[in-house]
Number of protein chains: 2
Amino acid sequence: MPSKTFNITIDTQAFNQMTTKQKQIITAAIDLFAEKGYANTSTKEIAAKAGVAEGNIFSTFKNKRGLLAAIINPVQRAIFPTTNQGAGAVSPAPYESLHEFMTDFCRDRLAFLQANRQVIKIFVAEIIYNDKLRQSLIKDFPASNRCWLQMAASLDQLKAQKLLVNWDNIKILKTIWSVMGGSALGYLFFDQPIKTTTLAQNVDTATRLLTYH
Amino acid sequence: MPSKTFNITIDTQAFNQMTTKQKQIITAAIDLFAEKGYANTSTKEIAAKAGVAEGNIFSTFKNKRGLLAAIINPVQRAIFPTTNQGAGAVSPAPYESLHEFMTDFCRDRLAFLQANRQVIKIFVAEIIYNDKLRQSLIKDFPASNRCWLQMAASLDQLKAQKLLVNWDNIKILKTIWSVMGGSALGYLFFDQPIKTTTLAQNVDTATRLLTYH
DNA sequence: GGAAATTGATTGAGTGCTCACTCAAAATAT
DNA sequence: ATATTTTGAGTGAGCACTCAATCAATTTCC
């Protein structure tokens with residue numbers, strides 16, 4: 001069931017245009033970075049797992065950081081797209097209830113998380129000690145991008161119908177995230193599966209917190 | 001204003017018994033690990049910052065991991081104490097409302113967070129890729145320790161008075177954490193101060209979610 | 001069509017460097 | 001004088017990264 005509004009995915013164009021060997025390197029690096037961390041993985045290990053000579057990594061990605069960037073950049077672009085393609089054409093999908101919106105939003109985010117678990121784990125871990133990444137994250141949250149505008153439009157519509165508390169959208173987003181965040185971190189770092197019942201509970205909780213009163 | 005029930009602090013006994021040089025090493029290591037991460041900090045750097053010869057680190061802490069353990073273990077013990085001293089003498093403090101309990105609990109946790117920001121940051125970052133630490137965390141959550149028993153007793157008392165939803169205590173604790181967690185992570189990793197208004201909002205949110213209905 | 005030449009991708013031993021860690025010697029305390 | 005602590009140059013290992021040699025594919029010429 002596709003989302004009415006969101007459908008954020010990681011752009012695979014760059015990856016698809018790579019040669020077989022380059023894909024093997026990326027895939028092996030993702031496995032190892034997600035399992036042991038960037039700093040604890042050697043390029044020799046990556047090359048061995050990819051079935052490729054070590055030098056190949058450097059002729060393709062320049063250095064180890066370049067390889068990390070090739071993995072992380074698509075994640076960052078998916079979360080904070082900088083190109084505002086179609087930014088003018090925001091047509092909020094007509095949600096008929098807050099609960100419907102919340103289900104749609106949370107399902108989409110969960111699908112994104114599950115489809116890209118490893119790279120998101122690498123991304124989140126990298127944020128902790130990577131100043132540049134962290135700064136751009138703070139700066140771009142939330143950026144004036146298509147996704148955000150679309151969401152804001154939907155929220156404003158719900159507010160107008162008195163189906164949603166009249167808070168500013170950032171506070172609403174933070175509230176949703178604080179409800180979902182625990183499950184997300186448990187899934188990312190503690191291998192705890194997110195059951196559909198848990199998701200439904202989170203949706204209910206968020207809905208309850210944000211219902212107009 | 002001290003907490004009625006909790007007052008969890010990090011045990012400084014081991015630290016206080018150390019020599020001046022050992023304290024200097026620990027302090028320097030905490031600064032550097034919190035800023036750049038364990039894997040990105042060299043023992044040479046730590047020694048220089050501590051104003052001590054590099055060899056001193058190894059004669060005192062055996063190896064680099066030993067130094068990390070000396071920093072992290074007190075945090076782990078503070079969060080999951082294994083000694084059940086006074087476990088039998090649980091006398092739940094008489095909270096008169098869920099809101100009072102929540103304020104007390106959240107204030108105490110926040111004070112703990114603010115008093116030990118750096119070491120908690122190191123601890124949390126280490127959990128991500130340290131299997132042993134992660135496993136013991138899952139296993140010990142929540143351990144049958146004094147803190148947990150006391151909290152459970154308070155919760156049960158509130159349930160009996162129909163001031164609290166009749167969920168099991170772990171679910172209640174997870175709910176509180178998921179509300180507080182966002183602020184905590186923002187404080188730890190994004191240097192976002194937790195304003196008293198934010199704390200109050202979190203307390204209100206958690207109270208609202210957990211009020212008997 | 002096939003041999004030769006050209007080009008670009010791929011290789012992995014080699015390089016310099018930094019790392020955690022050692023240990024004999026020096027400094028300090030007893 | 002003896003015992004203990006502190007020192008920092010030294011060590012082997014492992015790291016990211018290089019580069020000349022090798023291989024494979026394509027083009028050129030007869």
Side-chain angles (χ1 to χ4, degrees), chain A residues 14-73 122-123 125-126 128-133, chain B residues 14-73 122-123 125-126 128-133:
Chain A
F15 182 80
N16 290 336
Q17 283 173 357
M18 287 179 183
T19 65
T20 310
K21 300 220 167 188
Q22 288 171 338
K23 284 181 188 171
Q24 285 170 336
I25 293 170
I26 289 271
T27 305
I30 288 173
D31 278 354
L32 290 168
F33 289 167
E35 188 197 333
K36 321 195 316 165
Y38 172 77
N40 305 316
T41 305
S42 70
T43 49
K44 196 176 181 181
E45 249 178 314
I46 297 167
K49 179 149 192 166
V52 152
E54 203 179 347
N56 216 312
I57 294 175
F58 296 96
S59 57
T60 308
F61 301 100
K62 196 179 176 191
N63 51 34
K64 198 186 169 191
R65 263 169 295 114
L67 174 56
L68 180 66
I71 293 170
I72 275 183
N73 285 347
I122 295 168
F123 182 79
E126 197 58 21
I128 297 178
Y129 293 119
N130 187 326
D131 275 341
K132 278 188 184 173
L133 199 60
Chain B
F15 183 81
N16 290 334
Q17 283 174 357
M18 286 179 185
T19 65
T20 310
K21 299 217 168 186
Q22 288 171 336
K23 284 181 189 171
Q24 285 170 337
I25 293 170
I26 289 271
T27 305
I30 288 173
D31 279 353
L32 290 168
F33 288 168
E35 188 196 333
K36 322 195 315 165
Y38 171 77
N40 305 316
T41 304
S42 70
T43 49
K44 196 177 182 178
E45 250 178 313
I46 297 166
K49 179 148 191 168
V52 153
E54 203 180 348
N56 217 312
I57 294 174
F58 296 95
S59 56
T60 308
F61 301 100
K62 195 179 175 189
N63 52 34
K64 197 185 169 190
R65 265 169 294 114
L67 174 57
L68 179 67
I71 293 169
I72 276 183
N73 285 347
I122 296 168
F123 182 79
E126 195 58 21
I128 296 177
Y129 292 119
N130 187 326
D131 275 342
K132 279 189 183 173
L133 199 61

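A note on names: the letters A, B, ... follow the listed sequences, proteins ahead of strands, and every chain is numbered from 1.
- In this structure, B:Glu54 places its CD atom 17 Å from C1' of C:dA24, rounding to the nearest Å.
- Distance, B:Lys21 NZ to C:dT28 C1': 10 Å, rounded to whole Å.
- Atom CZ of A:Phe58 is separated from atom P of C:dG16 by 17 Å (rounded to the nearest Å).
- Here the nucleotide nearest the side chain of A:Lys64, chosen from D:dC17, C:dA20, D:dG8, is D:dC17.
- Side-chain contact between B:Leu32 and B:Asn40 is absent, with no heavy-atom pair separated by less than 4.5 Å.
- Residue contacts for A:Thr20: at a heavy-atom cut-off of 4.0 Å it reaches no nucleic acid atom on any strand shown.
- If you take CG of A:Asn63 and P of C:dC17, they are 18 Å apart, rounded to a whole angstrom.
- A:Asn56 places its CG atom 17 Å from the P atom of D:dC19, with the value rounded to the nearest Å.
- Comparing D:dA16, D:dT7, C:dG12 by their nearest atom to the side chain of A:Thr43 picks out D:dA16.
- Look at CG on A:Asn40: it is 15 Å from P on D:dG14, rounded to the nearest Å.
- Between A:Lys21 atom NZ and A:Asn56 atom CG the span is 6.5 Å, to the nearest 0.5 Å.
- Using a 4.5 Å heavy-atom threshold, the side chains of B:Thr19 and B:Thr60 count as separate.
- If you measure from atom CD1 of A:Ile57 to atom P of C:dA13, you get 15 Å, rounded to the nearest angstrom.
- Put simply, NZ on B:Lys44 is 9 Å from P on D:dA9, counting in whole angstrom units.
- Closest approach of B:Lys49 to B:Ala28, counting heavy atoms only: CG-CB, 3.7 Å.
- Among the atoms of the strands shown, none is found under 4.0 Å from any heavy atom of B:Thr60.
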